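The block underneath contains the structure these notes are about, expressed in structure tokens.
The chain is numbered in sequence order, starting from 1. Given the structure is predicted, the values throughout are model-derived calculations rather than measurements.
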Amino acid sequence: ASAHTWEEQSAQSLLTDLISGVVPARHLLPRARAAGLPVNRRTFVPLVVRDGDLARLERMLRLLGLPGLVAELADGVTAVLLSLARDQDAQALAVHFAARLRTESEQPRTVVAAADPRTVWDDVPAGLREAQHVADAVADSTAALDLPAVVRLKDVHLRGLVRLLRDDPHVQSFAERELDGLLCAAGDDLLAVLRTYLATGRNKSRTAQLHHVSRPALYRRLEAIEGRLGVDLDDFEQAASVHIALLAHDAQQS
């Protein structure tokens, strides 16, 4: 058991160091070899799994005969780095792994996020960060159940872009400027209504239903939101601007 624990710790520290980028990837090659990861002439597939059990992931790799490292990054977030032979179909194997995982998982919201395969070891850290970014973007999404078995950057659309830019000061000031009238304790309820209204594609019936309010009560809330923000939510461009600001605000908060 102690050896297994050491292996887990070794994989975790290696993947954490790769993602952080503090240590150049080439300096981590000896540790990758020591952890049992094949590194010569390989295709690396960086994955990040949400709501996936560490032991189940390790068992699945063994079952499918896929060499790789598994490490828990945070509660419910696990990194998997596959190391495949150059003649193997990396995309197909990642999809097969994800499909088996979701089929056998007790968590219906298990999400497997991936970056494109890397054939150069120095490109692995950026790949792991991209996969982590996609997994984070999916965590914010209300449509996680409708996603493909393996989620990639192209699948997270605007939400993914906003999350990528969330620490940019220009994006932060844009979000604050657009949402200024609601960013106070008294605006929390209205902010929640706005979030639902925009996430449902400005569907008033669905929003009223989800917030357990009558249609007239919802109309009053929407009027209050428009008054505080100085916008017309029936105008597509203004609504889109507010929606982007809200996505940026939520990404910053999380």
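Side chain to side chain, Arg42 and Ser83 meet the donor-acceptor criterion of an N or O pair below 3.5 Å. Side-chain contact of Gln132 with Arg129: a donor-acceptor pair under 3.5 Å is absent, judged by distance alone. Judged by distance alone, the side chains of Gln91 and Arg152 do bring a donor and an acceptor atom under 3.5 Å apart.
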Quick one, Lys204 with Tyr219, criterion side chain to side chain contact (heavy atoms under 4.5 Å, CB included). Give me CA distance, side-chain angles, the key distance, then yes/no.
CA-CA 8 Å; Lys204 293 185 173 76; Tyr219 293 153; 3.1 Å; yes
Audit row: Thr119, Arg86, side chain to side chain contact (heavy atoms under 4.5 Å, CB included) steps and yes/no
CA-CA 8 Å; Thr119 53; Arg86 290 280 172 91; 4.2 Å; yes
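Under the side chain to side chain contact (heavy atoms under 4.5 Å, CB included) test applied with Leu47, the options Val112, Thr78, Val70 reduce to a single match, Val112. Only one option out of Leu194, Leu247, Leu182, Asp235 pairs with Val242 in a side chain to side chain contact (heavy atoms under 4.5 Å, CB included); it is Leu194. When each of Arg221, Arg195, Arg220 is tested with Asp189 by the rule salt bridge (Lys or Arg N to Asp or Glu O under 4.0 Å), just one qualifies, namely Arg221.
Across Ala239 and Leu198, no two heavy atoms sit closer than the pair O-CD2, 4.1 Å. What you find for Leu69 and Leu15 is that their closest heavy atoms are O-CD1, 4.0 Å. Taking both residues in full, the closest heavy atoms of Ala35 and Ser10 are given as CB-OG, 4.0 Å, listed atom of the first, atom of the second, then distance. When all heavy atoms of Ala115 and Arg118 are compared, the closest pair comes out as CB-NH1, 4.0 Å. Of all heavy-atom pairs spanning Asp75 and Glu72, the tightest one is CA-OE2, 4.4 Å. Closest of all the heavy-atom pairs between Glu176 and Leu183 is CA-CD1, 4.0 Å.
Two residues are said to be in side-chain contact when any heavy atoms from C-beta on lie closer than 4.5 Å; Arg59 and Leu63 fail this criterion. In this structure, Ile244 and Glu178 have side chains that are not in contact, with every pair of non-hydrogen atoms separated by 4.5 Å or more. Within the 4.5 Å cutoff, the side chain of Thr200 has heavy atoms near those of the Leu210 side chain. Side-chain atoms of Leu93 and Gln88, non-hydrogen and from C-beta on, do get closer than 4.5 Å to each other. Contact annotation: the side chain of Leu82 never approaches that of Pro67 to less than 4.5 Å [non-hydrogen atoms, C-beta and beyond].
Comment: Asp17 engages Arg31 in a salt bridge, judged by a side-chain N to carboxylate O separation of less than 4.0 angstrom. With salt bridges taken as basic N to acidic carboxylate O contacts below 4.0 Å, one links Arg50 and Asp136.
Between the Trp121 side chain and the Val39 main chain, no donor and acceptor come within less than 3.5 Å of each other.
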